[in-house]
There are 2 protein chains.
Amino acid sequence: MSMLPTLLADERVVIAGVADIDATGRDRFAADLGVPAYDRAEDLAANPGVDAVYLATPHALHADQATAALALGTHVLVEKPLSLTVEDCLAVHDASRASGAQVVVGHTHAFDRPVRMIRDIIASGRLGRVAMINSWYYGSFLYRPRRPEELDTARGGGILFNQVPHQVDVVRLLGGGLVRSVRSATFVLDLKRPTEGSHSTFLEFEDGAAASLVYSGYDRFDTDEWHGWIDENGRDRVPEHGAARRALRAAGGQDAEAGLKAARGYRGLPAGPADRSGLHQPHFGVLLVSCEGGDLRAGPDGVILYDDEGVTTVRIPCDGPFPDKSLVIDDLYRVVVLGEPSVHDAAWGAATVEVCRAIQTSAREHREVLTEHQVPVDPARRPPHPAVST
Amino acid sequence: MSMLPTLLADERVVIAGVADIDATGRDRFAADLGVPAYDRAEDLAANPGVDAVYLATPHALHADQATAALALGTHVLVEKPLSLTVEDCLAVHDASRASGAQVVVGHTHAFDRPVRMIRDIIASGRLGRVAMINSWYYGSFLYRPRRPEELDTARGGGILFNQVPHQVDVVRLLGGGLVRSVRSATFVLDLKRPTEGSHSTFLEFEDGAAASLVYSGYDRFDTDEWHGWIDENGRDRVPEHGAARRALRAAGGQDAEAGLKAARGYRGLPAGPADRSGLHQPHFGVLLVSCEGGDLRAGPDGVILYDDEGVTTVRIPCDGPFPDKSLVIDDLYRVVVLGEPSVHDAAWGAATVEVCRAIQTSAREHREVLTEHQVPVDPARRPPHPAVST
């Protein structure tokens with residue numbers, strides 16, 4: 001539902017079919033768009049009219065479904081995380097290299113236009129080297145309606161596989177990709193929702209830049225307070241604290257929560273916002289990057305630059321779909337039509353999962369963890385993958 | 001100058017003399033207050049009418065001056081850091097134990113009333129255990145007028161010995177005191193001011209709580225933007241970025257800077273703010289503590305509590321001297337008159353310096369550093385010092 005407005009709005013995209021084991025939303029979607037419906041993702045991928053499949057399935061299914069599609073020569077857009085283990089991610093990377101079909105892992109907030117503009121300013125060199133990247137997010141993640149597996153870390157639940165990948169993808173894109181060292185603490189603070197809900201993490205990159213990642217999904221303090229009370233998608237919101245927790249409490253028990261969650265599935269084509277005046281850039285909490293020559297911040301309406309001349313905002317127009325994930329389609333188009341690589345390919349997705357897993361290991365073992373599978377931002381500068389299955 | 005309003009306003013304090021090798025401000029101060037002036041701190045400490053000396057001397061002098069005063073049976077209030085090395089700090093601790101005279105290390109922002117209130121709420125247990133402590137400060141430290149040694153790390157310059165001790169003292173007070181592990185990156189981003197000006201640090205406490213400390217003194221982004229544009233001392237300020245850098249540039253070269261710095265010395269008794277309406281609590285950037293049962297934030301006018309009921313501010317009256325450092329005098333009074341221990345004694349000061357040095361080591365060697373000299377908040381629960389000189 002979150003990707004659909006972008007898919008429908010983009011002229012480069014033709015939706016050619018839908019697959020789901022649950023017929024309810026699937027058949028309505030197929031009827032609304034006049035496309036075939038399938039039980040199995042593999043059958044959708046095998047349709048010769050399909051260039052690429054978009055996998056928005058539970059995380060644990062990603063690797064097998066992606067591998068099956070790639071084996072058919074079908075490109076894959078897959079929601080983060082690419083998979084739950086680094087090994088499975090690397091297997092997808094092997095499958096991609098073996099078949100020639102490619103993978104784009106997204107959406108993540110690394111596709112937000114302000115993040116891309118910050119990357120471009122860094123790449124221009126005019127602010128010198130990057131020193132510190134700060135990604136700080138306090139929100140309500142843990143109290144939005146969840147299916148049981150979304151609250152079970154072993155099945156890919158909690159922030160480690162759902163929220164932290166946004167932070168890791170963003171700071172890796174801005175820091176050059178090559179995380180060297182990870183030190184972290186994670187916390188399970190509500191035993192009724194027994195999965196990681198907060199973390200505090202230090203990352204060091206190969207070139208010495210550092211990132212501070214802090215996240216809390218416990219719906220108390222909210223970093224939107226420092227972001228003009230604009231929500232993650234970029235829409236003006238009510239300035240209030242604890243609303244998600246109160247709504248969940250008012251709904252009642254676990255059955256009611258399952259109902260609330262199901263109601264977020266497909267219920268007809270989105271109409272789009274009637275009033276665009278309250279729309280801004282999407283964001284993922286506070287993102288503040290300190291370079292030698294200035295600080296850069298992802299702001300509600302563009303990039304805020306604090307340099308020797310004071311403070312200026314480089315505005316970014318807000319004229320796309322809502323929520324705007326069209327830069328994901330740019331990458332998909334590059335892969336499918338132009339035959340060019342995506343930054344967010346399977347090797348990149350594996351490296352992001354590696355950092356998420358290193359966060360988990362560092363927290364559990366109370367020690368620094370070094371990485372082994374990082375790749376730089378530029379796909380052309382990535383070393384050949386050492387372990388292609390033959 | 002910063003401590004003087006508090007010393008003059010507090011009825012428990014009688015200023016009995018002044019010592020400085022530079023006669024300019026010293027003699028004017030002695031004349032204004034009708035007290036004797038000395039060249040040497042030791043002579044001031046030896047005055048039998050002096051219960052305690054307040055050392056506001058360069059950091060590298062602290063240990064010898066403190067030790068000399070303690071040997072005379074004179075208590076010591078000493079500005080942070082207690083000394084530049086852990087060894088020197090522990091020597092002061094030995095001297096204190098040998099003489100029975102005591103040490104209070106302060107002021108630091110751990111003496112701010114909102115910080116103390118947060119500690120009291122944590123200690124009450126009603127919010128459960130502490131998970132994450134965040135101390136984030138972006139300001140203009142590096143571009144305020146400085147003497148050359150203040151920009152030389154080897155002589156105690158830069159943020160590591162002047163700003164980071166505030167952060168470490170605050171988070172140690174709130175986290176229980178016992179830092180176990182330190183992982184950090186520090187940065188020198190302006191070669192004209194060649195000392196550490198920013199850092200990003202992860203701390204883990206013995207009980208598993210974690211702290212994120214981030215600081216930048218490069219006068220670009222400013223966390224006062226998230227704190228109602230109230231300055232560190234608690235006064236309303238102009239909302240602007242880069243003012244310190246521009247003022248320094250306008251002043252000209254190093255001689256002009258030395259003049260600006262000297263002008264901050266003693267120039268007569270402070271009058272106090274004519275208008276108290278713009279006064280709030282002092283702060284040190286953003287301080288946000290996440291417990292099981294809620295988040296606590298040091299706000300401009302008290303402690304902001306985000307819990308199951310939403311958000312409330314526990315207000316703290318702002319009716320003391322300006323700037324208000326009177327809780328330092330509470331500790332000094334406890335030591336001198338009541339004969340009770342201070343949390344901020346030499347062992348505490350040594351532990352804070354140990355963390356600052358571990359930050360430096362972690363950054364230089366790109367690795368996690370474990371600590372050896374930490375002490376808990378409660379002085380009664382501290383183990384006997386293992387190395388008292390006899």
Side-chain angles (χ1 to χ4, degrees), chain A residues 128-129 131-134 136 138 180-187 189-190 198-205 208-214 216 218-222 225-226 240-243 245-246 249 286 288 290-297 304-311 363 366-368, chain B residues 128-129 131-134 136 138 180-187 189-190 198-205 208-214 216 218-222 225-226 240-243 245-246 249 286 288 290-297 304-311 363 366-368:
Chain A
R129 73 183 171 111
M132 306 194 297
I133 307 172
N134 304 307
W136 300 326
Y138 272 65
R180 190 186 76 83
S181 161
V182 179
R183 188 66 179 89
S184 180
T186 64
F187 301 94
L189 299 180
D190 181 350
S198 58
H199 80 114
S200 180
T201 294
F202 170 95
L203 304 180
E204 190 175 66
F205 288 88
S212 166
L213 278 58
V214 176
S216 169
Y218 285 106
D219 201 23
R220 267 107 187 203
F221 175 70
D222 194 315
E225 189 173 333
W226 294 339
E240 62 178 356
H241 296 89
R245 184 189 294 266
R246 286 192 294 274
R249 198 191 302 155
V286 168
L288 180 63
S290 296
C291 304
E292 285 174 304
D295 293 336
L296 294 158
R297 185 176 164 199
I304 309 173
L305 167 64
Y306 307 81
D307 66 6
D308 286 2
E309 310 310 315
V311 55
H366 301 276
R367 65 173 179 90
E368 179 177 19
Chain B
R129 73 184 173 110
M132 306 195 297
I133 308 172
N134 304 305
W136 300 326
Y138 272 65
R180 190 187 76 84
S181 161
V182 179
R183 188 67 180 86
S184 180
T186 65
F187 301 94
L189 299 180
D190 181 351
S198 58
H199 80 114
S200 180
T201 294
F202 170 94
L203 305 180
E204 189 175 67
F205 289 87
S212 167
L213 279 58
V214 176
S216 169
Y218 286 106
D219 201 22
R220 267 107 185 202
F221 176 69
D222 194 314
E225 189 173 332
W226 294 339
E240 62 179 355
H241 296 89
R245 185 189 292 266
R246 288 191 293 275
R249 197 192 301 156
V286 168
L288 180 63
S290 296
C291 305
E292 285 174 304
D295 293 337
L296 295 158
R297 184 176 165 199
I304 308 173
L305 168 64
Y306 307 81
D307 66 6
D308 285 2
E309 309 310 316
V311 55
H366 301 276
R367 65 172 179 89
E368 179 176 19

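The figures that follow rest on heavy atoms only: side chains count, while hydrogens, waters and symmetry mates do not. Throughout, protein chains are lettered first and strands after them, A, B, ... in sequence-line order, and every chain is numbered starting at 1.
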When the 4.5 angstrom heavy-atom criterion is applied to B:S184 and chain A, the contacting part is backbone
Distance col, row A:L203:CG vs B:F202:CZ, nearest 0.5 angstrom, shows 11.0 Å
Ranking B:G242, B:G310, B:G294, B:S290 by heavy-atom pairs under 4.5 Å to chain A gives rank one to B:G294
- Message: Just so I know, are the side chains of B:N134 and A:W136 near enough to count as touching, which here means a heavy-atom distance under 4.5 Å?
- Response: no
From the list A:A131, A:A243, A:A211, the residue making the most non-hydrogen contacts under 4.5 Å with chain B is A:A131
Nearest heavy-atom approach of A:C291 to B:L189 is O-CD1, 3.9 Å
Q | Working for side chain to side chain contact (heavy atoms under 4.5 Å, CB included), residues B:R220 and A:D308 | A | CA-CA 8 Å; B:R220 267 107 185 202; A:D308 286 2; 2.6 Å; yes
Rounding to 0.5 Å, atoms OH (A:Y306) and OG (B:S216) come to a distance of 12.0 Å
The interface call for B:Y218 against chain A, heavy-atom contacts under 4.5 Å, is neither
Comparing B:H199, B:H366, B:E309 against chain A, the one with the most heavy-atom pairs below 4.5 Å turns out to be B:H366
Turns out that what part of B:R183 lies under 4.5 Å from chain A's heavy atoms comes down to both
Counting heavy-atom pairs under 4.5 angstrom with chain A, the leader among B:V214, B:V311, B:D219 is B:V214
When the 4.5 angstrom heavy-atom criterion is applied to B:E368 and chain A, the contacting part is both
Under 4.5 Å to a heavy atom of chain A? For B:R297 that would be side chain
Is there a donor in the side chain of B:S212 and an acceptor in the side chain of A:S212, or the other way round, less than 3.5 Å apart?
-> yes
Nearest heavy-atom contact between B:S198 and A:M132 is CB-CE, 3.7 Å
When the 4.5 angstrom heavy-atom criterion is applied to B:E225 and chain A, the contacting part is side chain
Honestly, the part of A:R367 sitting under 4.5 Å from a heavy atom of chain B is both
Smallest heavy-atom separation, A:A210 atom then B:S200 atom, equals CB-CB, 4.2 Å
The interface call for A:E292 against chain B, heavy-atom contacts under 4.5 Å, is both
Whatever's closer than 4.5 Å to a heavy atom in chain A on B:V286 counts as side chain
Note: vs chain A, highest number of non-hydrogen pairs under 4.5 angstrom among B:D307, B:T186, B:L288 is B:L288
